[in-house]
Amino acid sequence: MGTEQLMEKIREQRDVYDSLKKGDVSLVCYREFENGEWGTDDANYTNRLRLAYYLLYNKIDDEEAAAYLFQEELKDRERNSFQGIGSALRVLTVLLRRYNGDGRYEELFRQAKNANFDCACGYDPEDEVDDSFEDNSLLDGIYLCLEMDYKDVMADLVDEWKRDTETGAGWDDSNRGRLIEFNRFLGRDGENEGLYKELLEESLRAENGRVRDMISRYRDMIRYYVQAGDYDSGAAYCKMVIDTTNYKEIRTLRLFGDILEECLEVIAGMARDGRDLAGAFRLWQWTKGELEEKNRTSWYGDLYTKGIAAAKVMDEAYAGKLEAEYAEWMRKRWSVQG
């Protein structure tokens with residue numbers, strides 16, 4: 001089975017382990033950097049995760065290595081802007097717990113529990129992680145590749161999983177959603193267009209289908225085209241939402257804000273392209289009307305910034321109004337946080 005490739009990849013961590021034992025911690029120590037998207041991050045998180053899985057699956061008995069890696073991971077959990085628990089902490093907890101018969105690591109486990117909000121809610125030092133690699137299914141192997149950023153092996157495993165799915169369970173919403181996630185990670189975004197369309201068509205065909213489910217699928221379809229830079233296709237699906245769904249049912253939900261966001265990005269993109277200014281103006285008229293009606297207590301940062309960007313290319317006066325409101329929104333937000 002294809003997961004054998006993954007085990008070979010994990011065994012390559014032997015070199016990193018040997019370096020650690022010789023005193024070279026450069027690849028696995030906590031190394032803070034500022035991630036432009038998330039904030040404070042750790043450049044060595046993935047290396048540490050890979051080595052943790054190497055120790056786990058190869059049954060390496062090394063208390064010193066487990067303790068060191070756990071303490072480095074703890075620094076990341078305490079300082080990472082994204083917070084989270086992460087697989088590295090879970091695996092390292094299992095490894096370190098083996099040496100905790102006398103309670104010597106209870107304080108480290110307590111610190112991990114208090115490292116951040118996510119850990120406080122979800123970290124449990126008694127959680128189990130299966131140390132038998134052979135117990136992993138093909139799908140498990142794909143997710144392990146995703147976690148450890150082994151794109152080369154993952155591509156082969158995904159292709160094998162696709163073949164198994166086509167000859168076995170078939171393509172349902174759940175499997176299509178998984179494949180979309182895998183394609184996005186592997187840079188195969190072009191393959192997702194058809195999957196999004198199939199999900200939308202199934203939602204439209206469903207008996208007793210909910211409006212919010214249909215609009216959610218439209219939202220995903222529009223977002224795909226926005227990310228691909230195909231604003232004309234995105235605009236066509238925006239028009240379908242407006243013309244064919246009872247979108248008033250979701251006006252109070254965040255989903256409606258998502259639709260407005262996508263429309264605003266389409267408008268700005270169409271205006272920049274300059275190919276269909278009339279279509280951009282028609283979509284702007286509808287979107288601006290909905291923005292003006294939307295209760296200001298339900299506005300949020302992305303809606304303001306995307307609204308301002310679209311307004312600047314379509315209606316300069318309204319852009320100024322939104323900028324003033326956004327400045328006030330930010331002022332109140334910071335005053336509450338302060």
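Residues: numbered from 1 along the sequence shown.
- Checked by atom type, the side-chain pair D24/S26 shows a donor-acceptor distance below 3.5 Å.
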- Test ring-ring contact (aromatic ring centres under 6.0 Å, His included) on Y143 and F182 and set out the steps. CA-CA 9 Å; Y143 280 112; F182 299 156; 5.4 Å; yes
- Item | side chain to side chain contact (heavy atoms under 4.5 Å, CB included) between V226 and V266, intermediate numbers included | CA-CA 6 Å; V226 167; V266 167; 3.7 Å; yes
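- For K113, the NZ atom counts as densely surrounded, since its 6.0 Å shell holds more than 12 non-hydrogen atoms of other residues, nucleotides or ligands.
- Looking only at atom types and distance, the side chain of E32 has no donor-acceptor partner in the side chain of T40 under 3.5 Å away.
- A salt bridge does not link E290 with K294: none of the charged nitrogens is closer than 4.0 Å to a carboxylate oxygen.
- Taking W299 as the reference, Y304 meet the ring pair (Phe, Tyr, Trp, His ring centres under 6.0 Å) condition, with sequence neighbours excluded.
- Looking only at atom types and distance, the side chain of R97 has no donor-acceptor partner in the side chain of N100 under 3.5 Å away.
- Put simply, the side chain of I85 does not reach to within 4.5 Å of the side chain of R77, judged on heavy atoms.
- Other residues, nucleotides and ligands contribute over 12 non-hydrogen atoms within 6.0 Å of the CD atom of E34.
- Side-chain polar atoms of S132 and D130 form no donor-acceptor pair below 3.5 angstrom.
- Taking a 6.0 Å sphere around NZ of K312, one finds it holds 12 or fewer heavy atoms contributed by other residues, nucleotides or ligands.
- With a 6.0 Å radius and a threshold of 12 heavy atoms from other residues, nucleotides or ligands, E64 has its CD atom at or below the threshold.
- Checking Y30, Y99, F109 one by one against F70, the ring-ring contact (aromatic ring centres under 6.0 Å, His included) holds for a single residue, F109.
- Salt bridge annotation for R331-E328: present, with a cationic side-chain nitrogen under 4.0 angstrom from a carboxylate oxygen.
- Hydrophobic clustering (ILVMFWY, side-chain heavy atoms < 4.5 Å, transitive): Y318 and L277 are in distinct clusters.
- Here R110 does not pair with E106 in a salt bridge; the nearest charged N to carboxylate O distance is not below 4.0 Å.
- Taking a cutoff of 4.0 Å between a charged side-chain nitrogen and a carboxylate oxygen, D258 and R254 qualify as a salt bridge.
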- Run the numbers on R176 and E202 for salt bridge (charged side-chain N to carboxylate O under 4.0 Å, His left out), then give the verdict. CA-CA 11 Å; R176 288 190 184 95; E202 285 203 6; 2.8 Å; yes
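- The pair K151-D149 meets the salt-bridge criterion, with a side-chain N (NZ, NE, NH1 or NH2) lying under 4.0 Å from an Asp/Glu carboxylate O.
- Under the 3.5 Å distance criterion, with hydrogens and angles disregarded, a donor-acceptor pair is assigned to the side chains of S216 and R219.
- Looking at residues two or more places apart in sequence or on another chain, you find no ring pair (Phe, Tyr, Trp, His ring centres under 6.0 Å) involving Y231.
- We find that E166 and K162 are not joined by a salt bridge, their nearest charged nitrogen and carboxylate oxygen being 4.0 Å or further apart.
- Using a 4.5 Å heavy-atom threshold, the side chains of N44 and C29 count as touching.
- In the model, N183 has no side-chain atom that pairs as donor or acceptor with a side-chain atom of D189 under 3.5 Å.
- Under 4.0 Å is where a charged nitrogen must lie from a carboxylate oxygen, and between R104 and E63 at least one such pair does.
- Residue C238 comes nearest to L283 through the heavy atom pair CB-CD1, 4.0 Å, listed as atom of the first residue, atom of the second, then distance.
- Within a 6.0 Å radius of NZ in K22, no more than 12 heavy atoms belonging to other residues, nucleotides or ligands are found.
- To the nearest 0.5 Å, atoms CG (L108) and OG1 (T93) are separated by 9.5 Å.
- No side-chain donor from either of E262 and Y237 sits under 3.5 Å from a side-chain acceptor of the other.
- Here the CG atom belonging to L92 is positioned 8.0 Å from the CZ atom belonging to R48, to the nearest 0.5 angstrom.
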- Item | Intermediate values then yes/no, side chain to side chain contact (heavy atoms under 4.5 Å, CB included), L199 and D220 | CA-CA 10 Å; L199 287 169; D220 295 342; 6.0 Å; no
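- Nearest approach of W38 to S81, heavy atoms of both residues: O-CB, 3.1 Å.
- There is no side-chain donor-acceptor pair under 3.5 Å between D118 and Y123.
- No donor-acceptor contact under 3.5 angstrom links the side chains of N116 and E78, judged on distance only.
- The side-chain heavy atoms of T287 and L260, taken from C-beta on, include a pair separated by under 4.5 Å.
- Residues forming a ring pair (Phe, Tyr, Trp, His ring centres under 6.0 Å) with F185 (at least two apart in sequence, or on another chain): none.
- The shortest side-chain heavy-atom distance between I222 and V241 falls under the 4.5 Å cut-off.
- Side-chain atoms of E147 and Y53 include a donor-acceptor pair closer than 3.5 Å.
- Contact of the L322 side chain with the E325 side chain is registered, since non-hydrogen atoms from C-beta on lie closer than 4.5 Å.
- Interatomic distance, CG of D140 versus OG1 of T3, reported as 9.5 Å (0.5 Å rounding).
- Rounding to the nearest 0.5 angstrom, the gap separating the CG atom in L89 from the CG atom in L74 is 7.5 Å.
- Residues I259 and Y247 have side chains not in contact (no heavy-atom distance under 4.5 Å, counting atoms from C-beta outward).
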- Passes side chain to side chain contact (heavy atoms under 4.5 Å, CB included), I267 versus M270? Steps please. CA-CA 5 Å; I267 292 163; M270 292 174 74; 5.8 Å; no
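- Closest approach of F117 to Q83, counting heavy atoms only: N-OE1, 3.0 Å.
- With rounding to the nearest 0.5 Å, the separation of CD1 in I10 from CG in L51 is 11.0 Å.
- The 12-atom threshold is not exceeded at CZ of R212, counting heavy atoms of other residues, nucleotides or ligands nearer than 6.0 Å.
- Classification of R14 and D18 as a salt-bridged pair holds, one side-chain N sitting under 4.0 Å from a carboxylate O.
- Contact check for L6 versus N136: no side-chain heavy atoms found under the 4.5 Å cut-off.
- With a 6.0 Å radius and a threshold of 12 heavy atoms from other residues, nucleotides or ligands, F281 has its CZ atom at or below the threshold.
- With rounding to the nearest 0.5 angstrom, the CD atom of E249 is 7.5 Å from the CD1 atom of I215.
- Ion pairing between a basic and an acidic side chain is recognised when a charged N comes within 4.0 Å of a carboxylate O; K75 and E72 show such pairing.
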- Derivation of the side chain to side chain contact (heavy atoms under 4.5 Å, CB included) call for F82 and D41: CA-CA 8 Å; F82 191 60; D41 207 340; over 6 Å; no
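- Within 6.0 Å of the CZ atom in F33, the count of heavy atoms belonging to other residues, nucleotides or ligands exceeds 12.
- The shortest side-chain heavy-atom distance between L69 and L96 does not fall under the 4.5 Å cut-off.
- Between W284 and G307, the shortest heavy-atom contact is CH2-O, 4.5 Å.
- The pair R217-E201 does not count as a salt bridge, with every side-chain nitrogen at least 4.0 angstrom from each carboxylate oxygen.
- The minimum heavy-atom distance linking D42 with R31 is given by the pair OD1-N, 2.9 Å.
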